[in-house]
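Working notes, structure below.
Only this structure's heavy atoms are used, side chains among them; waters, hydrogens and symmetry mates stay out. Numbered from 1 within each chain, the chains take letters A, B, ... in sequence-line order.
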Protein chains: 2
Amino acid sequence: MKLHVSPDIFPPRGHEAKRLSIVDSAAAVFCREGFAGANIDLIAAEAGVSRQTIYNHHGDKEKLFVAVVRDLTERCNAGIFATIATFPDQPGDLEADLIGFALRLNQNCICNRDGKFLRKLIQTEGERYPELFAEWREQGPGRTWPAIAARFARLAYGGYLTIEDPDVAARQFLGLVNAELQTTFMLGGSLREDEVLQSATNGVRTFLRAFGKRRSAASAEKQSALAGA
Amino acid sequence: MKLHVSPDIFPPRGHEAKRLSIVDSAAAVFCREGFAGANIDLIAAEAGVSRQTIYNHHGDKEKLFVAVVRDLTERCNAGIFATIATFPDQPGDLEADLIGFALRLNQNCICNRDGKFLRKLIQTEGERYPELFAEWREQGPGRTWPAIAARFARLAYGGYLTIEDPDVAARQFLGLVNAELQTTFMLGGSLREDEVLQSATNGVRTFLRAFGKRRSAASAEKQSALAGA
DNA sequence: GACGATTTAGACAAGAGTGTCTAAATTTGT
DNA sequence: ACAAATTTAGACACTCTTGTCTAAATCGTC
């Protein structure tokens with residue numbers, strides 16, 4: 001296999017910059033090729049670093065892989081919690097606000113580079129490292145789902161929604177909002193922004209039909225006026 | 001790596017039986033280890049067959065992989081269409097019938113061995129074989145989604161549902177019905193039957209809150225009586 | 001500019017996996 | 001039971017990869 005690769009601009013400067021570059025490139029290669037197929041030489045080339053440097057930093061392939069997953073989990077979680085902080089607790093236009101939230105969640109946490117990589121690594125190598133991914137499960141869905149559920153409970157308590165089980169509602173919200181992206185997710189492709197918007201819009205509309213308070217005549221009119229989008 | 005494996009009972013008898021056994025074992029190993037990590041010797045051992053027989057049948061590793069995916073796609077599609085044929089076109093109890101349908105879909109097509117394997121192969125190796133998986137996309141979601149959408153359109157036309165866009169409704173139905181299984185899906189784990197039932201039940205209830213006709217007092221009563229499940 | 005730490009290129013041994021080949025054993029059809 | 005086809009075990013050449021080692025080059029800092 002030839003290794004003519006264009007590294008990120010030019011060799012990264014500084015110890016920490018190299019560490020970063022290595023983990024980044026390793027994430028990409030582990031995703032593309034799987035753990036077994038990932039080639040340290042290729043990672044080194046893509047990182048713009050010599051192979052020995054990788055061994056200096058991380059010891060061996062397995063430790064490098066663990067570092068990659070830990071890194072991705074951390075960054076993704078940070079992104080998700082930052083986005084949850086923007087949840088519309090006192091919505092003006094509930095539909096528009098929820099669509100905005102769903103959009104931010106998708107664009108910043110699920111469809112971005114880190115999100116795609118983490119998802120793929122979990123899918124492909126999850127069974128090989130049970131403890132590592134149990135950790136992800138606790139730190140990821142185990143913390144983010146309840147956080148989102150709590151926000152929906154608050155909306156229900158505030159009279160904006162009619163919800164029996166906030167945990168179920170939260171999971172269904174996520175399911176609806178991504179309903180039209182599943183196939184693309186599976187193939188790891190990139191999503192156009194308008195596809196994400198479309199799926200979020202359709203998902204939120206259905207969510208509100210199920211859990212929203214009965215609409216007034218005025219908002220029903222507005223709803224159907226917008227329906228052609 | 002040691003290869004003391006218990007093959008399926010004892011060496012399979014007959015030419016066709018061997019072919020079957022090879023493809024089956026190959027599917028399992030490709031899923032567990034990824035394409036690069038899959039070991040022909042291991043596949044041979046699990047299939048209860050010598051390595052040379054695999055080369056006699058399939059030529060090389062790549063052709064074997066393609067044969068595996070084609071086989072899985074075909075079997076899964078058959079299962080899905082068989083299940084779609086059981087869609088409740090003239091429902092007695094709409095909620096119960098849709099839950100039953102969702103359950104059959106999940107148990108027979110999505111959570112079964114073939115479904116899990118095919119999903120994982122698409123996720124892990126989809127980008128390596130664009131044409132192969134484009135074919136899957138056309139034959140799979142490209143045919144099954146419209147088929148399901150058509151059934152929902154029929155329900156709407158029959159006055160059982162209020163749906164604007166049957167395609168959207170179909171995708172959302174699938175999203176809702178699997179909303180609670182996503183994490184387990186990602187880690188490739190097996191699902192207990194009651195988890196699948198719970199997710200299907202919750203999903204169908206929400207689906208009907210969004211798209212069902214306004215409930216009569218009687219059915220509203222029944223609904224809330226069942227809500228404690 | 002000089003010093004210590006880090007990085008680099010390249011060679012290297014060891015191991016693993018693919019795909020081929022052979023001759024012997026086994027199965028299948030008749 | 002015989003002949004043809006298939007399967008088997010094992011050896012084999014070849015390639016690729018990991019991880020180590022070395023000596024030279026480069027970097028950061030004073």
Side-chain angles (χ1 to χ4, degrees), chain A residues 1-26 28-68 125 128-129, chain B residues 1-26 28-68 125 128-129:
Chain A
M1 193 188 299
K2 301 289 173 44
L3 297 183
H4 37 74
V5 179
S6 59
D8 307 329
I9 325 248
F10 261 62
R13 309 296 224 158
H15 191 74
E16 218 41 45
K18 279 184 202 297
R19 177 172 231 103
L20 244 281
S21 175
I22 290 169
V23 172
D24 263 25
S25 305
V29 175
F30 278 132
C31 281
R32 277 209 314 275
E33 318 285 349
F35 179 83
N39 180 319
I40 303 272
D41 286 332
L42 181 57
I43 295 174
E46 285 199 22
V49 144
S50 86
R51 178 183 47 213
Q52 186 57 46
T53 301
I54 293 185
Y55 284 104
N56 288 345
H57 278 259
H58 292 99
D60 67 12
K61 193 178 178 180
E62 192 155 323
K63 291 204 195 73
L64 173 60
F65 179 78
V66 172
V68 165
E125 313 294 341
R128 192 189 311 281
Y129 299 88
Chain B
M1 192 186 296
K2 301 287 174 45
L3 299 183
H4 36 74
V5 179
S6 59
D8 308 329
I9 328 245
F10 262 60
R13 306 298 221 158
H15 192 73
E16 219 42 45
K18 279 184 202 296
R19 177 171 231 104
L20 244 282
S21 175
I22 290 170
V23 172
D24 264 25
S25 306
V29 175
F30 279 132
C31 280
R32 277 208 315 273
E33 319 285 349
F35 179 83
N39 180 318
I40 302 272
D41 286 332
L42 181 58
I43 294 174
E46 285 199 23
V49 144
S50 85
R51 178 182 46 210
Q52 187 57 46
T53 301
I54 294 184
Y55 285 104
N56 289 344
H57 278 259
H58 292 100
D60 66 14
K61 194 178 179 181
E62 192 156 321
K63 292 204 195 71
L64 173 60
F65 180 78
V66 171
V68 166
E125 313 294 343
R128 192 187 310 280
Y129 299 88

- request: Scan for salt bridge (Lys or Arg N to Asp or Glu O under 4.0 Å) pairs involving residues 29-39 of chain A, sequence neighbours excluded, and state none if there are none.
  value: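 Found Arg32(A)-Glu46(A), Glu33(A)-Arg128(B).
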- prompt: Out of curiosity, Ser21(A) OG to Ile54(A) CD1, how far, rounded to the nearest 0.5 Å?
  reply: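 The OG atom of Ser21(A) sits 9.0 Å away from the CD1 atom of Ile54(A).
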message: Of the listed nucleotides (dT17(D), dT8(C), dA9(D)), which one gets closest to any side-chain atom of Ser50(B)?
response: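 Per side-chain heavy atoms of Ser50(B), the pick is dA9(D).
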Atom pair distance, as rounded to whole Å: [atom1] in [X] and [atom2] in [N]:
X: Ile54(A); N: dA9(C); atom1: CD1; atom2: C1'; answer: 14 Å
X: Asp41(B); N: dA9(D); atom1: CG; atom2: P; answer: 11 Å
X: Ile22(A); N: dT7(C); atom1: CD1; atom2: C1'; answer: 10 Å

Below 3.5 Å is the cut-off: list the nitrogen or oxygen pairs between protein and nucleotides 19-22 of chain C, distance only.
residue : atom : partner  : partner atom : Å
dG19(C) : OP2  : Tyr55(B) : OH           : 3.3
dG19(C) : OP2  : Lys61(B) : N            : 3.3
dC21(C) : N4   : Gln52(B) : OE1          : 2.6

- request: Note down the inter-axis angle between the two ends of the helix from dG1(C)-dC30(D) to dT30(C)-dA1(D), five pairs each, to the nearest 10°.
  value: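 Rounded value for the end-axis angle: 50°.
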message: What contact category does His58(A) fall into here, base, sugar-phosphate, or nothing, at under 4.0 angstrom with non-hydrogen atoms?
response: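 Result for His58(A) = nothing.
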query: Among all residues two or more places apart in sequence or in another chain, which pass the salt bridge (Lys or Arg N to Asp or Glu O under 4.0 Å) test with Arg51(A)?
result: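 For Arg51(A) the salt bridge (Lys or Arg N to Asp or Glu O under 4.0 Å) partners, ignoring immediate neighbours, are Asp41(A).
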Counting just side-chain N and O atoms, does [X] come under 4.0 Å of either OP1 or OP2 of [N]?
X: Lys18(A); N: dT8(C); value: yes
X: Asn39(B); N: dA16(C); value: no
X: His57(B); N: dT6(D); value: no
X: Thr53(B); N: dT6(D); value: no
X: His15(A); N: dC27(D); value: no

message: The criterion is side-chain hydrogen bond (donor to acceptor under 3.5 Å, both in side chains); which residues satisfy it with Asp60(A), sequence neighbours excluded?
response: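 Expected list: none.
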- prompt: Taking only residues two or more places apart in sequence or in another chain, which ones pass side-chain hydrogen bond (donor to acceptor under 3.5 Å, both in side chains) with Gln52(B)?
  reply: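 Here the qualifying residues are Asn56(B).
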task: May I have all residue pairs that pass ring pair (Phe, Tyr, Trp, His ring centres under 6.0 Å) and include part of residues 37-61 of chain B, sequence neighbours excluded?
output: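 Only His15(B)-His57(B) qualify under ring pair (Phe, Tyr, Trp, His ring centres under 6.0 Å).
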- request: Between Ala38(A) and Asn56(B), name the one whose nearest nucleotide on DNA chain D is closer to the 5' end.
  value: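 Per heavy-atom nearest nucleotide, the more 5' residue is Asn56(B).
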- prompt: Can you list the residues that meet the ring-ring contact (aromatic ring centres under 6.0 Å, His included) rule with Phe65(A), with sequence neighbours excluded?
  reply: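 For Phe65(A), the residues satisfying ring-ring contact (aromatic ring centres under 6.0 Å, His included) (neighbours in sequence not counted) are Phe30(A), Phe35(A), Tyr129(A).
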